[in-house]
Q: 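This is the structure, below, for whatever I ask next.
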Number of protein chains: 2
Amino acid sequence: MRPNDGSRPGSTAGARDNSKDSSKANQKTKPSPGERRLGDFLCFAVYSANLAFGRAYKKGLDELGLTYPQWIAIVALWEQDGQTVSELGEKMFLESNTLTPILKKLEAAGYLRRQRDPADERQVRISLTEGGRRLREKGMHMNLVTATGLKPDEFARLQENVVTLRDNLIKATAE
Amino acid sequence: MRPNDGSRPGSTAGARDNSKDSSKANQKTKPSPGERRLGDFLCFAVYSANLAFGRAYKKGLDELGLTYPQWIAIVALWEQDGQTVSELGEKMFLESNTLTPILKKLEAAGYLRRQRDPADERQVRISLTEGGRRLREKGMHMNLVTATGLKPDEFARLQENVVTLRDNLIKATAE
DNA sequence: TGCTATTAGATCGTATGCGATACATTCGTA
DNA sequence: TACGAATGTATCGCATACGATCTAATAGCA
């Protein structure tokens with residue numbers, strides 16, 4: 001028998017295949033969310049593209065010894081040093097519950113410092129160390145996979161539209 | 001003093017701002033990856049758009065009592081029932097190490113069954129229960145946030161280009 | 001001044017992703 | 001047909017995300 005399998009006997013599969021058209025679906029021209037296939041969901045395209053980016057970058061990031069969010073944090077701090085956790089969070093679209101552990105790891109690795117702001121002890125200011133800046137420079141020169149298969153103008157428009165999408169989702173979510 | 005703070009005394013921040021142009025960067029017209037700002041990275045646009053989708057869908061998915069990957073699994077199974085873990089994984093771009101725990105939770109919740117294929121005991125076939133199909137129907141009728149801020153033709157092109165991007169990243173990663 | 005509300009981070013629990021590995025089953029082939 | 005290789009899932013450990021909650025520090029105000 002299997003290891004800790006968990007599968008239980010039950011009725012047979014039934015192999016129902018809801019391919020394209022459900023019987024009463026053709027009344028509207030525009031399909032409702034339920035009638036679309038998975039491949040048609042924009043959310044799923046973005047979700048799976050994000051997974052693909054993570055895998056494509058994995059090899060290069062491993063050479064730096066960083067994960068993707070760690071790398072993003074280094075890049076954001078290189079652009080502006082001495083940011084507070086909140087400020088950095090705004091740029092990365094993350095909050096302290098996610099950011100704090102990441103920053104502590106980077107501090108432990110010697111790439112940045114976390115210091116309470118003397119003027120407001122609630123805030124923690126993050127600054128890159130020499131090692132952190134060296135890491136950023138090193139990351140500049142390594143070519144992460146960028147085989148997008150898109151022409152330059154398509155690439156630029158895609159970038160803009162993804163940003164527009166993101167910002168509008170955030171706006172709509174905030175109500 | 002703070003709770004378990006971890007911050008240590010050290011030299012002062014130094015507030016170095018590498019805004020746009022580093023001294024020797026202007027020799028090429030096209031900026032190298034290191035000279036771009038965070039907002040210019042397509043990977044970051046996709047990463048943050050994915051976060052934004054997750055937050056936008058959170059409310060609706062909570063009503064279903066599902067997470068996003070759980071919902072995707074239900075949708076994919078509704079399209080084709082009785083898939084193996086591998087087949088489902090191909091559609092979701094996930095492998096068994098991620099999928100198995102998700103499927104076990106959905107099984108425990110009563111939305112699907114996991115059964116070893118009698119013809120090949122290595123494979124596990126997944127089929128939706130009545131409850132799982134009801135959940136899919138319920139999800140059809142609830143409007144998840146879709147305020148993309150894009151015109152229909154832009155939306156369609158965005159969808160296509162994100163998929164192209166994803167597929168080319170996967171191809172390039174496989175070498 | 002003293003008290004309460006607000007703010008900024010940190011902590012905790014849960015749910016993915018994912019590399020590495022374990023394990024049972026099946027396949028290939030000598 | 002026996003046995004090592006390949007295959008399909010599952011398990012484990014680590015690193016995010018994120019809601020809920022905690023704590024210290026500050027702000028606001030009677």
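So you know, we letter chains A, B, ... as the sequences are listed, proteins then strands, and number each from 1.
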Q: For B/Arg55, enumerate each residue passing the side chain to side chain contact (heavy atoms under 4.5 Å, CB included) test, keeping only those at least two apart in sequence or located in another chain.
A: A/Phe93, A/Leu94, B/Leu51
Q: Nearest to the side chain of A/Gln123 - C/dT26, D/dA10, C/dA8?
A: C/dA8
Q: The side chain of B/Leu94 is closest to which nucleotide in this list: D/dT16, C/dG17, C/dG9?
A: C/dG17
Q: Mind calculating the distance between CZ (B/Arg116) and P (C/dT26) to the nearest angstrom?
A: 10 Å
Q: Are OP1 or OP2 of D/dT11 and a side-chain N or O of B/Lys104 less than 4.0 angstrom apart?
A: yes
Q: Between D/dA10 atom P and B/Glu121 atom CD, what is the distance in whole Å?
A: 12 Å
Q: Using heavy-atom distances to pick each residue's nearest nucleotide on DNA chain D, tell me which of A/Gln70 and A/Ala119 is more 5'.
A: A/Gln70
Q: May I ask you to say what B/Ile102 touches in the nucleic acid, namely base, sugar-phosphate or nothing, with a heavy-atom cut-off under 4.0 Å?
A: sugar-phosphate
Q: Roughly how far apart are B/Phe44 CZ and A/Lys91 NZ, rounded to 0.5 Å?
A: 10.5 Å
Q: Just to confirm, is there a sub-4.0 Å distance from OP1 or OP2 of D/dT7 to any side-chain nitrogen or oxygen of B/Ser86?
A: no
Q: Holding to ring-ring contact (aromatic ring centres under 6.0 Å, His included), I want the full list of residues that pass it with B/Tyr68, two or more places apart in sequence or in another chain.
A: A/Tyr47
Q: Reading DNA chain C from 5' onward, which residue's closest nucleotide shows up sooner: A/Glu87 or A/Gly54?
A: A/Glu87
Q: Using a cut-off of less than 4.0 Å, is there contact between a side-chain N or O of B/Tyr47 and OP1 or OP2 of D/dA17?
A: yes
Q: How close or far is atom C1' of D/dT11 from atom CZ of B/Arg114, stated in whole angstroms?
A: 13 Å
Q: Between C/dT21 atom P and B/Glu95 atom CD, what is the distance in whole Å?
A: 15 Å
Q: Distance check: side-chain N/O of B/Arg55 vs OP1/OP2 of D/dA17, anything under 4.0 Å?
A: no
Q: What is the distance from atom CG of A/Leu66 to atom CD1 of A/Ile102, rounded to the nearest 0.5 Å?
A: 11.0 Å
Q: Check whether any side-chain N or O of B/Thr67 sits under 4.0 Å from OP1 or OP2 of C/dT16, and answer yes or no.
A: yes
Q: Once you round it to whole Å, what is the distance between P of D/dA10 and CD1 of B/Ile126?
A: 7 Å
Q: Any Lys/Arg nitrogen of B/Glu154 or B/Arg157 sitting under 4.0 Å from an Asp/Glu carboxylate oxygen of the other?
A: no
Q: Hey, does B/Leu99 reach any base, or is it just sugar-phosphate, or nothing, if we go heavy atoms under 4.0 Å?
A: nothing
Q: Just the rounded figure in Å: distance from P of C/dG17 to CG of B/Leu103.
A: 12 Å
Q: Whole Å only: how far is the CG atom of A/Leu88 from the P atom of D/dT16?
A: 13 Å
Q: So, taking the atom named OG in A/Ser127 and the one named CZ in A/Arg114, what distance separates them when rounded to the nearest 0.5 Å?
A: 11.0 Å
Q: Can you sort out the partners of B/Asp117 under side chain to side chain contact (heavy atoms under 4.5 Å, CB included), two or more places apart, ordered by chain and number?
A: B/Ala119, B/Gln123, B/Arg125
Q: Heavy atoms under 4.0 Å, any strand shown: does B/Thr98 hit a base, just sugar-phosphate, or nothing?
A: base
Q: Tell me, please, which residues at least two apart from A/Lys171 pass side chain to side chain contact (heavy atoms under 4.5 Å, CB included).
A: A/Asn168
Q: Distances under 3.5 Å between protein N/O atoms and the N/O atoms of nucleotides 5-7 of chain C, please, pair by pair.
A:
residue: C/dT7; atom: O2; partner: A/Arg122; partner atom: NH1; Å: 3.3

Q: Between D/dA10, C/dG9, C/dA10, spot the one nearest the side chain of A/Thr84, thanks.
A: C/dG9
Q: Distances under 3.5 Å between protein N/O atoms and the N/O atoms of nucleotides 12-14 of chain C, please, pair by pair.
A:
none

Q: Enter the distance from A/Thr173:OG1 to B/Tyr57:OH here, rounded to the nearest 0.5 Å.
A: 10.0 Å
Q: By nearest nucleotide on DNA chain D, pick out whichever of A/Asp117 and B/Ser96 is the more 5' one.
A: B/Ser96
Q: Working to the nearest 0.5 Å, report the span between CG of A/Asp40 and CD of B/Glu160.
A: 10.5 Å
Q: Nearest 0.5 Å please: distance from the CG atom of B/Leu128 over to the CG atom of B/Leu77.
A: 5.0 Å
Q: What's the NZ-P distance between B/Lys58 and D/dA20, to the nearest Å?
A: 7 Å
